[in-house]
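Single-structure report; data block below.
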Protein chains: 2
Amino acid sequence: MNTSQLCPKFEKAMGILSKRWTGLVIYQLLSGPQRFCTIESSIGISGRLLSDRLKHLENEGIVKREVFPETPIRIEYSLTEKGLALEPLMKELEKWSQNWVDTEEPLQN
Amino acid sequence: MNTSQLCPKFEKAMGILSKRWTGLVIYQLLSGPQRFCTIESSIGISGRLLSDRLKHLENEGIVKREVFPETPIRIEYSLTEKGLALEPLMKELEKWSQNWVDTEEPLQN
DNA sequence: CCAACTTAATTACTTTTCGTAAGTAAGTTT
DNA sequence: AAACTTACTTACGAAAAGTAATTAAGTTGG
């Protein structure tokens with residue numbers, strides 16, 4: 001049972017961000033609209049999970065899926081206004097990671 | 001296999017945040033040092049996972065565990081400087097959630 | 001025309017993580 | 001001594017993730 005005393009909006013926002021891969025997908029899309037296979041290889045997610053995550057983000061109104069009936073057909077994913085609004089947060093995470101994150105493995109005792 | 005082209009520091013930072021509950025634990029500790037059972041009930045996490053998350057956050061140098069040998073004994077968790085540095089990010093998430101998150105269920109078709 | 005290739009998925013199966021509940025150890029209160 | 005509290009740990013079924021193979025629709029090359 002969830003008996004938390006947090007703001008439901010904040011809790012939901014954190015829920016989106018703390019689902020594995022969603023943050024990276026959003027971050028990747030901040031550099032512009034992209035195709036499925038581009039996202040897949042840029043962040044190292046499997047197709048199975050990327051498919052799932054894009055669907056969820058579409059449901060949340062964060063990502064938009066567009067089909068371009070060119071030849072060959074092209075499907076592009078991009079951020080909606082809601083998704084783009086996460087840019088300041090991503091910038092903060094970039095800053096924090098540069099200032100505080102150490103990629104070395106901690107010493108094993 | 002992870003063949004991503006992202007900055008390893010950023011990727012690690014996102015990895016920390018996108019592990020379930022860690023974000024909420026950090027957010028909760030921003031309001032000050034707290035005991036295990038306080039965190040547990042404020043964010044609605046189970047003891048089993050809170051114990052695990054606090055250990056991980058301690059290993060990452062984000063959370064500090066202090067034992068006060070009073071009577072009764074008291075154990076407090078607080079944020080380190082590294083942990084406190086996440087405040088601006090949390091404020092951004094608060095802003096975003098207030099502006100964009102809708103807690104209503106999406107319509108079922 | 002047909003075999004091989006590409007993209008955007010989906011399905012099948014194994015491993016890992018989560019959630020619930022119960023148990024434990026140390027100390028406190030009644 | 002029995003019941004309670006805190007800070008955990010253990011056990012176990014359920015859910016999610018990871019890997020790999022498959023599919024559907026269309027494209028290219030011979």
Side-chain angles (χ1 to χ4, degrees), chain A residues 1-6 11-12 14-29 32-60 62-79, chain B residues 1-4 6 11-12 14-26 28-29 32-60 62-79:
Chain A
M1 183 176 38
N2 188 344
T3 53
S4 96
Q5 302 151 9
L6 295 160
E11 212 175 340
K12 185 170 176 186
M14 188 65 90
I16 293 168
L17 224 64
S18 67
K19 196 160 178 86
R20 195 167 183 194
W21 298 111
T22 49
L24 287 179
V25 170
I26 294 166
Y27 181 76
Q28 182 61 28
L29 287 175
Q34 280 161 73
R35 310 184 63 168
F36 191 93
C37 62
T38 310
I39 306 171
E40 193 174 6
S41 55
S42 335
I43 66 177
I45 190 180
S46 74
R48 180 191 166 294
L49 290 183
L50 180 54
S51 179
D52 179 86
R53 291 308 185 270
L54 286 170
K55 250 174 238 162
H56 275 113
L57 288 170
E58 228 188 314
N59 282 338
E60 293 294 342
I62 292 169
V63 162
K64 186 172 47 187
R65 181 183 192 269
E66 279 181 294
V67 181
F68 296 89
E70 308 164 354
T71 177
I73 200 174
R74 184 164 51 98
I75 298 171
E76 265 190 6
Y77 295 89
S78 56
L79 294 176
Chain B
M1 182 177 39
N2 187 343
T3 51
S4 95
L6 296 160
E11 211 176 343
K12 185 170 178 187
M14 188 65 90
I16 292 168
L17 225 63
S18 67
K19 196 160 179 88
R20 195 166 182 196
W21 298 112
T22 49
L24 287 179
V25 170
I26 294 167
Q28 182 61 27
L29 287 176
Q34 279 162 72
R35 309 185 63 168
F36 191 94
C37 62
T38 309
I39 306 170
E40 194 175 4
S41 55
S42 339
I43 65 176
I45 190 180
S46 72
R48 179 191 167 295
L49 289 182
L50 180 54
S51 178
D52 179 85
R53 292 306 185 271
L54 287 170
K55 252 173 235 163
H56 275 112
L57 288 169
E58 229 189 311
N59 282 337
E60 293 293 343
I62 292 170
V63 162
K64 186 172 47 185
R65 181 184 193 268
E66 278 180 295
V67 180
F68 296 89
E70 307 165 353
T71 176
I73 199 173
R74 183 165 52 98
I75 298 171
E76 266 190 6
Y77 296 89
S78 56
L79 294 175

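FYI, side chains are in, hydrogens and waters are out, and symmetry mates aren't considered; it's all heavy atoms of this structure. Residue numbers begin at 1 in each chain, while the letters A, B, ... track the order of the sequences.
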Problem - Contact check, side chains of A:His56 and A:Val63, non-hydrogen atoms, under 4.5 Å - result: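 Side chain of A:His56 against side chain of A:Val63, heavy atoms only: no contact under 4.5 Å found.
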Exercise for the section: Would you check if B:Phe68 and B:Ile75 make a side-chain contact, meaning some heavy-atom pair closer than 4.5 Å? Expected result: no
Problem - Donor-acceptor side-chain pairing of A:Gln34 and A:Glu76 below 3.5 angstrom - result: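 No - no donor-acceptor pair under 3.5 Å links their side chains.
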Can you measure [X] atom [atom1] to [N] atom [atom2] for me and round it to whole angstrom units?
X: B:Phe36; N: C:dA25; atom1: CZ; atom2: P; result: 17 Å
X: A:Arg65; N: C:dT7; atom1: CZ; atom2: P; result: 15 Å
X: B:Ile39; N: D:dT6; atom1: CD1; atom2: P; result: 13 Å
X: A:Gln34; N: C:dT7; atom1: CD; atom2: P; result: 14 Å
X: B:Glu40; N: D:dT5; atom1: CD; atom2: P; result: 13 Å
X: B:Leu49; N: C:dT20; atom1: CG; atom2: P; result: 9 Å
X: B:Arg74; N: D:dA7; atom1: CZ; atom2: C1'; result: 15 Å
X: B:Phe68; N: D:dT6; atom1: CZ; atom2: C1'; result: 16 Å

Check whether any side-chain nitrogen or oxygen of [X] sits under 4.0 Å from OP1 or OP2 of [N], and answer yes or no.
X: B:Trp21; N: C:dT17; answer: no
X: B:Ser51; N: D:dT9; answer: yes
X: A:Lys55; N: C:dT10; answer: yes

Handout entry: Residues that A:Glu58 engages under side-chain hydrogen bond (donor to acceptor under 3.5 Å, both in side chains), provided they are two or more places apart
Key = none
Practice task
Please name all residues satisfying side-chain hydrogen bond (donor to acceptor under 3.5 Å, both in side chains) with A:Glu66, sequence neighbours left out, ordered by chain then number.
Solution key: none
Problem - Nearest-nucleotide pick for A:Arg35, side chain only, options being D:dA17, C:dA8, C:dT10 - result: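 So the nucleotide nearest the side chain must be C:dA8.
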Problem - From D:dT9, C:dA8, C:dG19, nucleotide with atom closest to A:Ile75 side chain - result: C:dA8
Practice task
Spell out, as yes or no, whether a donor-acceptor pair under 3.5 Å connects the side chain of B:Arg53 to the backbone of B:Arg20.
Solution key: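 Indeed, once roles are kept as given, a pair shorter than 3.5 Å links the two residues.
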Handout entry: Short side-chain to backbone donor-acceptor contact, B:Ser18 and B:Met14, under 3.5 Å
Key =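 Yes, B:Ser18 side chain to B:Met14 backbone: donor-acceptor pair under 3.5 Å.
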Handout entry: Polar side-chain contact B:Arg48-C:dA21 base: donor and acceptor under 3.5 Å
Key = no
Practice task
For A:Arg20, answer base if it contacts any base atom (sugar-phosphate contacts may also be present), sugar-phosphate if it contacts only those atoms, and nothing otherwise; contact means non-hydrogen atoms under 4.0 Å.
Solution key: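 Here A:Arg20 touches the backbone only, sparing every base.
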Could you list the protein-to-nucleotides 27-30 of chain C atom pairs, N/O on both sides, closer than 3.5 Å?
from, atom 1, to, atom 2, distance (Å)
C:dT28, OP1, B:Thr71, OG1, 2.6

